[in-house]
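Note that the numbering runs from 1 along the sequence shown for the chain.
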Amino acid sequence: MTATAPPGPPGTAPAPGDWRLGEQLLNRAAERLLDPQGRALAAQVQWWALPGDEDPDRRWPLAVLGQGPPLLLLHGFDSSFLEYRRLAPLLAEHHQLLIPDLHGFGFTPRPLQRRYDPEALLQHLESVLQAAHDRFGPEPLGLIGASMGSAVAVALARRQPSRIRCLLLLAPAGLSGSPRPLPAPLDRLGTWFLSRPAVRRGLCRSAFAEPDRDVGPAELEIASAHLETPGWDFALRGFARSGGFAGCGLPLPTQPLRALWGAADRILPADQKQQTRALLGERLQELPACGHLPHIDQPRAVAALWHSWMGRPAED
């Protein structure tokens, strides 16, 4: 990544649609994040123009690393591509990884004229797939989605069956239930609540099986780094008003599919777990001593399952 001039004249607030501040934030992250794996992954971000964008000069963040068959990784709700900082090095030796920030999340620009709902998010990913096709060729991609990213992955695989060859879902959320739009002014209250440091600390700790051991300043920093991106609250309110991803499991996509979740997951509600287990059946495997983030709690176990599924020996 290269540094760019500050967006706009000195002393002016950056526009939510200006991608250059996101680039600056990630340049800084690549140098200063406490987590060395986070720094390394931030340094792999490229800024792509995407087909169909109404602003041809706008760029969107995508971590690109590794070599081999292409593999697309999708993060969860109110998060960023940095979720995959521990899993990416374990997969990059055998795959070319493409790790975008989902539309309206992470470090993406947030143009005020855009919608922030599931349809807009999926259209953005379809533009990412087209751009990857144009750059790297027509080979179908493997797909890994985490938490809400699992629902996104299932919906994307149904829409693009020729471009997605298989799916691994991590702590799948949003496969059951129905959308619950959050009306105004509750959307503002919700984003204010999520911006509170104590709330983010509590949510981060809840996502790990052993928070006293595994959650420290480095994890808390990454969990909130993207909140500095202009328009974070604006886009999140729009997504909340849409109802987000829910009930995305049926029909299941036709591609091969597996799923993992943690036995100590305290984020997924019990009824959602029960419905997801009924939906996925033997496709679902449980990891002991693992919370809501298998790709962070137990990245080696996730990588071993993926390599075994792809016919590769487990890594040491």
Side-chain angles (χ1 to χ4, degrees), residues 60 62-63 69-84 87-88 91 95-106 108 117-133 139-177 179 239 242 244-262 265 267-268 272-273 275-277 279-281 283-285 287 292-296 299 302-303 305-306 309-310:
W60 302 85
L62 187 78
L71 176 57
L72 180 67
L73 285 71
L74 305 179
H75 66 76
F77 175 75
D78 192 23
S79 185
S80 77
F81 73 96
L82 290 169
E83 268 191 28
Y84 287 104
L87 183 59
L91 299 177
H95 290 278
Q96 180 171 64
L97 304 183
L98 306 174
I99 318 177
D101 274 335
L102 299 179
H103 181 251
F105 295 97
T108 59
D117 58 17
E119 178 61 24
L121 190 154
L122 289 166
Q123 289 178 4
H124 178 261
L125 283 175
E126 288 175 323
S127 294
V128 171
L129 289 179
Q130 183 59 52
H133 176 279
E139 183 176 0
L141 292 83
L143 180 55
I144 296 178
S147 192
M148 185 192 80
S150 293
V152 179
V154 167
L156 184 66
R158 283 198 298 261
R159 291 166 68 120
Q160 296 287 335
S162 65
R163 289 185 169 172
I164 304 299
R165 63 186 178 90
C166 59
L167 301 88
L168 174 61
L169 311 181
L170 304 175
L175 301 187
S176 61
F239 190 79
S242 78
F245 282 89
C248 295
L250 292 174
L252 286 173
T254 57
Q255 299 94 323
L257 183 153
R258 292 192 179 185
L260 287 174
W261 67 21
D265 190 329
I267 297 293
L268 292 176
Q272 189 173 138
K273 279 188 170 184
Q275 293 163 8
T276 301
R277 187 183 295 278
L279 176 67
L280 298 179
R283 301 176 183 88
L284 180 62
Q285 177 179 333
L287 288 176
H292 186 63
L293 303 168
H295 46 310
I296 300 180
V302 175
L305 174 69
W306 180 266
W309 193 20
M310 297 297 105

Measure the SG-CG distance between C248 and L122 for me, rounded to the nearest 0.5 Å. 8.0 Å
Nearest 0.5 angstrom please: L169 CG to L260 CG, how far? 9.0 Å
Atom of P179, atom of A246 and distance for their closest heavy-atom approach: N-CB, 3.6 Å
Could you list the residues that satisfy side-chain contact (heavy atoms from CB on, under 4.5 Å) with Q130, not counting sequence neighbours? P51, H133, D134, R163
Nearest heavy atoms of G174 and Q272, plus distance in Å: N-OE1, 3.4 Å
Nearest-0.5 Å distance, CG of residue L168 to CG of residue L305: 6.0 Å
Hey, does L280 have a side-chain heavy atom less than 4.5 Å from the side chain of L252? yes
Which heavy atom of W306 sits nearest a heavy atom of G142, and at what distance? CH2-CA, 4.3 Å
Find the distance between CG (L279) and CG (L175) and round it off to the nearest 0.5 Å. 6.0 Å
Who passes salt bridge (Lys or Arg N to Asp or Glu O under 4.0 Å) against R277, sequence neighbours left out? E286
How many angstroms lie between CG in L293 and OH in Y84, if you round to the nearest 0.5 Å? 10.0 Å
Any heavy-atom pair between the side chains of L268 and T276 that's under 4.5 Å? no
Which residues pass the side-chain contact (heavy atoms from CB on, under 4.5 Å) test with T108, sequence neighbours left out? W60, P61, D101, R110
Cut-off 3.5 Å, no hydrogens considered: what does the side-chain donor-acceptor table look like for residues 72-79, sequence neighbours left out?
residue, atom, partner, partner atom, Å
H75, NE2, L102, N, 3.0
D78, OD1, H226, NE2, 3.0
D78, OD1, W232, NE1, 2.9
D78, OD2, R200, NH1, 2.9
D78, OD2, R200, NH2, 3.1
S79, OG, E83, OE2, 2.8

Flag, side chain of S150 to backbone of A173, donor-acceptor distance under 3.5 Å: no
For P69, enumerate each residue passing the side-chain contact (heavy atoms from CB on, under 4.5 Å) test, keeping only those at least two apart in sequence or located in another chain. H95, E139, R165
Quick check: do L62 and V128 have side-chain heavy atoms less than 4.5 Å from each other? yes
Given L87, which of I296, V302, L97, I99 fulfils the side chain to side chain contact (heavy atoms under 4.5 Å, CB included) condition? V302
Minimal heavy-atom distance between A151 and F245, with the atoms involved, is CB-CB, 4.0 Å
Going from CG on D265 to NE2 on H292, what distance comes out if it is rounded to the nearest 0.5 angstrom? 5.5 Å
If we only count heavy atoms from C-beta on, is the E126 to L156 side-chain gap below 4.5 Å? yes
What class does the angle between the rings of F239 and F105 fall in, given that below 30° is parallel, 30 to 60° is tilted and above 60° is perpendicular? perpendicular
In short, W261 meets P294 closest at the heavy-atom pair CA-CG, 4.4 Å
Taking side-chain contact (heavy atoms from CB on, under 4.5 Å) as the definition, give me every residue that meets it alongside P253, ordered by chain and number, with sequence neighbours left out. V154, A157, R158, L167, Q255, L257
